[in-house]
Number of protein chains: 2
Amino acid sequence: MTTIRDVAKKAGVSVATVSRFLNGNGYVSQEAATAVKAAVEELNYELNTVARSLTTKKSNLIGLILPDITNPFFPELARAVEDVALTYGYTVVLCNSDEDPKKEKNYIETLKKKYIAGFIVTSNQLDAPHYANLKLPVVALDRVINERIPTVVSNNRQGGFMGAQALVDRGSKNLLFLRGPEEFGSANDRYIGFGEAMEKNSVTYETVFCPFHFAEAEKIVEQYLHDNKDIDGIFASSDVQAAGALKAAHNLGLAVPKDLQIIGFDGISMGEMLTPALTTIAQDIYKMGAIAARVLIKQIEGQPIENFMNEIPVNLVVRGTTKGAVT
Amino acid sequence: MTTIRDVAKKAGVSVATVSRFLNGNGYVSQEAATAVKAAVEELNYELNTVARSLTTKKSNLIGLILPDITNPFFPELARAVEDVALTYGYTVVLCNSDEDPKKEKNYIETLKKKYIAGFIVTSNQLDAPHYANLKLPVVALDRVINERIPTVVSNNRQGGFMGAQALVDRGSKNLLFLRGPEEFGSANDRYIGFGEAMEKNSVTYETVFCPFHFAEAEKIVEQYLHDNKDIDGIFASSDVQAAGALKAAHNLGLAVPKDLQIIGFDGISMGEMLTPALTTIAQDIYKMGAIAARVLIKQIEGQPIENFMNEIPVNLVVRGTTKGAVT
DNA sequence: ATATTATGTGTAACCGGTTACACATTATGG
DNA sequence: CCATAATGTGTAACCGGTTACACATAATAT
């Protein structure tokens with residue numbers, strides 16, 4: 001392996017000059033620069049990032065902490081983060097936290113020892129102590145913590161409103177809202193948006209808590225529909241819930257969208273594979289991940305960040321589980 | 001940050017002794033050991049892995065190279081790799097290659113500079129030159145390269161046989177096999193297994209190439225079914241293809257499983273969300289990832305590896321797209 | 001013409017570990 | 001009882017970068 005000293009010798013300068021040239025700081029004469037450049041090329045020199053990390057106490061690693069990559073919402077997020085990290089020369093470490101504070105803490109400790117440059121975190125634990133005295137750049141993704149941490153989220157409130165309104169516009173009179181877990185801020189915002197739409201319209205509605213889990217959702221909805229035959233529109237807080245609802249409708253022999261319309265939330269690719277294909281409030285998941293990564297890297301590199309709150313617009317994707325709008 | 005020198009001073013020994021104690025090699029007296037242990041605890045010393053890497057030219061990073069985490073087969077694999085890596089003290093770097101040799105090469109170069117401990121690779125490029133002179137532990141996952149590289153794959157041939165046989169057992173007489181991309185070894189093995197089943201049974205069948213892509217599969221199958229009304233059983237090489245086939249059947253008003261039975265391959269969770277739920281040859285995806293990680297770590301740690309070829313059994317998961325077996 | 005500032009460069013210490021080697025002591029063998 | 005092997009420990013070099021500091025020279029100011 002060629003080292004900076006080999007390059008220095010070949011170029012006839014000192015290691016300090018080589019280092020200065022490589023990092024573009026300090027003074028380097030034109031002559032020295034060309035000599036070093038030539039030597040670097042000739043020797044095929046590549047900088048050893050481990051050695052650099054040891055002195056600078058920095059690395060080009062970024063940690064992506066998310067609950068579970070297996071949850072269909074996260075792969076696309078991870079993909080986006082990785083894509084932009086790559087273009088900026090960063091490497092992504094994947095951390096499945098299961099929302100477990102112990103696991104998160106463990107990851108953070110381990111990675112701090114590697115001089116990790118920063119974290120992108122999707123976790124409800126973000127206000128936990130192990131983040132408080134973490135003196136490292138952090139971006140909150142899909143979760144709002146406080147105004148001091150840069151945040152990237154969908155416009156969930158608006159999405160909640162849009163989904164509810166879309167159901168009403170399409171003639172649903174008795175809505176069921178599948179509300180997500182209470183500890184999950186984004187789900188609450190969707191609920192708020194839903195509520196706002198309800199205030200503007202004279203329809204009856206009911207809200208039921210439901211985990212983001214297919215089989216559970218299926219069970220809950222099937223029971224609910226069995227007891228409440230008048231429901232003609234379901235707005236789910238996630239596509240997985242919506243898939244469960246659709247399944248429940250099939251189980252009960254309800255025609256979708258004729259008897260019952262369903263709208264999901266997320267826009268994951270599974271939605272289009274269902275029959276009928278799922279109408280949904282689609283988040284721009286890739287964009288969320290991409291922006292999160294870019295904001296984190298800006299922080300890492302000491303650039304000013306314009307917006308601490310990045311709210312990504314959502315949009316209604318109309319597919320088969322809803323009827324044409326009543327105009 | 002407390003260093004090994006602080007510990008040495010506190011324990012009244014030399015840094016060499018501390019290092020020996022920490023790494024459990026060389027001679028360390030009982031006395032010295034207890035003194036060091038006490039000092040470590042008192043000072044809350046934690047070893048700096050970056051510094052260690054610099055001298056040892058080793059790290060506890062492992063690279064997971066896969067085509068695209070967005071493909072529903074991979075998240076579970078990644079999850080498994082990460083889980084076992086974590087328990088053995090390794091950290092996973094996620095690399096989406098898009099099967100692009102340039103990207104793979106780039107990752108490999110970057111990570112080698114970080115003294116990465118090894119790679120788990122899911123790629124058709126594995127016989128490419130950048131892997132050939134990679135003097136690092138590697139495990140091939142879901143792809144067979146050669147008998148010198150430890151490999152973890154499903155028993156695809158057997159799965160191909162089982163799926164075809166299951167269709168025949170349930171009364172299908174005219175089969176359509178959706179064959180996966182030719183450059184993809186596992187898909188070919190499934191095809192071979194399918195062929196073996198065909199030899200044992202007197203049914204007619206046809207094979208059509210089809211990418212692992214929902215919308216494409218839907219289009220191809222819809223066209224095919226339109227032209228060949230007698231098809232009463234489809235065996236797809238992946239669940240995503242199968243979902244497309246199911247959609248096509250719906251589009252054409254075919255009753256599944258009454259008129260047309262469908263079996264997929266993979267066992268991803270999306271399958272159970274479909275209506276009817278997808279019968280499939282399920283791979284034990286988690287197990288594949290877990291074994292790959294364990295085999296890699298064994299290699300890294302210089303332990304003997306018993307099996308270079310780990311073939312994970314698949315199993316038939318009967319759900320709604322097939323009828324009860326004809327007995 | 002001299003003081004000051006900007007530019008350019010090299011030496012050597014440092015980051016925090018590992019380990020070769022030299023040396024000392026104790027145990028074992030013949 | 002002495003040769004040899006096993007056990008135990010410390011010093012200092014090394015891994016491959018970065019950078020404080022000292023020093024030299026060229027440019028600009030006064």
Side-chain angles (χ1 to χ4, degrees), chain A residues 1-40 43-61 89 109-117 302, chain B residues 1-37 39-40 43-61 89 109-117 301-302:
Chain A
M1 176 177 270
T2 43
T3 75
I4 199 172
R5 285 166 229 270
D6 300 329
V7 175
K9 187 172 288 179
K10 182 125 220 160
V13 297
S14 73
V15 290
T17 301
V18 176
S19 180
R20 281 185 213 109
F21 171 79
L22 258 23
N23 294 291
N25 55 26
Y27 296 111
V28 177
S29 69
Q30 197 55 54
E31 274 174 294
T34 49
V36 172
K37 199 187 292 181
V40 164
L43 297 174
N44 227 295
Y45 168 76
E46 296 192 70
L47 192 144
N48 182 317
T49 52
V50 175
R52 170 183 277 178
S53 283
L54 184 58
T55 32
T56 60
K57 300 187 186 307
K58 278 173 201 149
S59 76
N60 55 171
L61 246 38
E109 294 304 323
T110 312
L111 294 176
K112 265 178 116 172
K113 270 188 256 166
K114 292 195 192 303
Y115 300 126
I116 191 130
Chain B
M1 177 177 267
T2 42
T3 75
I4 199 172
R5 285 166 229 270
D6 300 328
V7 174
K9 186 171 289 178
K10 181 126 221 157
V13 298
S14 74
V15 291
T17 300
V18 177
S19 180
R20 280 185 213 109
F21 170 79
L22 258 23
N23 294 291
N25 55 27
Y27 296 110
V28 177
S29 69
Q30 197 55 54
E31 275 174 292
T34 48
V36 171
K37 199 187 292 182
V40 164
L43 297 174
N44 226 295
Y45 168 76
E46 296 191 71
L47 192 143
N48 182 317
T49 51
V50 175
R52 170 184 276 177
S53 283
L54 184 58
T55 32
T56 61
K57 300 187 188 307
K58 278 174 201 148
S59 76
N60 55 170
L61 246 39
E109 294 304 322
T110 312
L111 294 176
K112 266 178 116 172
K113 270 188 257 168
K114 293 196 193 302
Y115 299 125
I116 192 131
E301 299 183 348

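Both backbone and side-chain heavy atoms feed into the values below; hydrogens, waters and symmetry mates do not. Please read all numbers here as calculations on a predicted model, not as lab measurements.
For the pair B/Phe21 CZ and D/dG8 P, the interatomic distance rounds to 14 Å; values are reported in whole Å. If you take NZ of B/Lys114 and C1' of D/dC15, they are 17 Å apart, rounded to a whole angstrom. Rounded to whole angstrom, the span from the CG atom of A/Leu22 across to the P atom of D/dT19 amounts to 12 Å. Look at NZ on A/Lys58: it is 16 Å from P on C/dC15, rounded to the nearest Å. If you take CG of B/Asn23 and P of C/dG17, they are 11 Å apart, rounded to a whole angstrom. Remark: C1' of D/dG17 and OH of B/Tyr115 are 10 Å apart, rounded to the nearest angstrom. A straight line from CD1 of A/Ile4 to C1' of D/dC14 spans 16 Å, rounded to a whole angstrom.
Checked against side chain to side chain donor-acceptor pair (under 3.5 Å), B/Ser59 has no partners two or more places apart in sequence or in another chain. With sequence neighbours excluded, the residues forming a side chain to side chain donor-acceptor pair (under 3.5 Å) with B/Tyr115 are A/Asn48, listed by chain and number. With sequence neighbours left out, the salt bridge (Lys or Arg N to Asp or Glu O under 4.0 Å) criterion links B/Glu46 to A/Lys113. Under the salt bridge (Lys or Arg N to Asp or Glu O under 4.0 Å) criterion, A/Lys114 pairs with no residue, sequence neighbours left out. Under the side chain to side chain donor-acceptor pair (under 3.5 Å) criterion, B/Asn23 pairs with B/Ser19, B/Arg52, not counting sequence neighbours.
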Return all side-chain donor-acceptor pairs below 3.5 angstrom for residues 30-37 of chain B, not counting sequence neighbours, or 'none' if the list is empty.
{"residue": "B/Thr34", "atom": "OG1", "partner": "B/Gln30", "partner atom": "O", "Å": "3.3"}
{"residue": "B/Thr34", "atom": "OG1", "partner": "B/Glu31", "partner atom": "O", "Å": "2.8"}

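Over its length, the helix from C/dA1-D/dT30 to C/dG30-D/dC1 turns its helix axis by 30°, as judged from the five terminal pairs at each end, rounded to 10°.
In this structure, the separation between OG1 on A/Thr17 and CG on A/Leu22 is 11.5 Å, given to the nearest 0.5 Å. Distance check, rounded to the nearest 0.5 Å: CG of A/Leu54 to OG1 of B/Thr49 gives 10.0 Å. To the nearest 0.5 Å, atom CG of residue A/Leu43 and atom CD1 of residue A/Ile4 are 12.0 Å apart.
Here the shortest heavy-atom pairing between A/Val18 and A/Val13 reads CG2-CG2, 3.8 Å. Nearest approach of B/Gly89 to B/Asn60, heavy atoms of both residues: O-OD1, 3.1 Å. Across all non-hydrogen atoms, the minimal contact from B/Thr2 to B/Asp6 is CA-OD2, 3.3 Å.
Screening residues 8-28 of chain B for salt bridge (Lys or Arg N to Asp or Glu O under 4.0 Å) gives B/Lys10-B/Glu42 as the qualifying pairs, with residues at least two apart or on separate chains.
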Polar-atom pairs under 3.5 Å, protein N or O versus N or O of nucleotides 23-27 of chain D: list them with distances, or write none.
none

All N/O pairs under 3.5 Å across the protein-nucleotides 6-13 of chain C interface:
{"residue": "C/dT7", "atom": "OP2", "partner": "A/Tyr27", "partner atom": "OH", "Å": "2.9"}
{"residue": "C/dT9", "atom": "OP1", "partner": "A/Ser29", "partner atom": "OG", "Å": "2.6"}
{"residue": "C/dT9", "atom": "OP2", "partner": "A/Ser29", "partner atom": "N", "Å": "2.6"}
{"residue": "C/dT9", "atom": "OP2", "partner": "A/Ser29", "partner atom": "OG", "Å": "3.0"}
{"residue": "C/dG10", "atom": "OP2", "partner": "A/Ser14", "partner atom": "N", "Å": "2.7"}
{"residue": "C/dG10", "atom": "OP2", "partner": "A/Ser14", "partner atom": "OG", "Å": "3.1"}
{"residue": "C/dG10", "atom": "OP2", "partner": "A/Thr17", "partner atom": "OG1", "Å": "2.9"}
{"residue": "C/dG10", "atom": "N7", "partner": "A/Arg20", "partner atom": "NH2", "Å": "3.2"}
{"residue": "C/dG10", "atom": "O6", "partner": "A/Arg20", "partner atom": "NH2", "Å": "2.5"}

Revision key, fill the gap. Heavy-atom contacts, protein to nucleotides 22-29 of chain C, under 4.0 Å, summarised as B (base), S (sugar-phosphate only) or - (none) per nt, yield --------
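In this structure, A/Phe21 and A/Val7 have side chains that are not in contact, with every pair of non-hydrogen atoms separated by 4.5 Å or more.
Taking only side-chain nitrogens and oxygens, A/Ser19 comes nearer than 4.0 Å to OP1 or OP2 of D/dT18.
Near-neighbour residues of DNA chain C inside residues 45-57 of chain A, defined by a heavy atom below 4.0 Å, number-ordered: A/Leu54, A/Thr55, A/Lys57.
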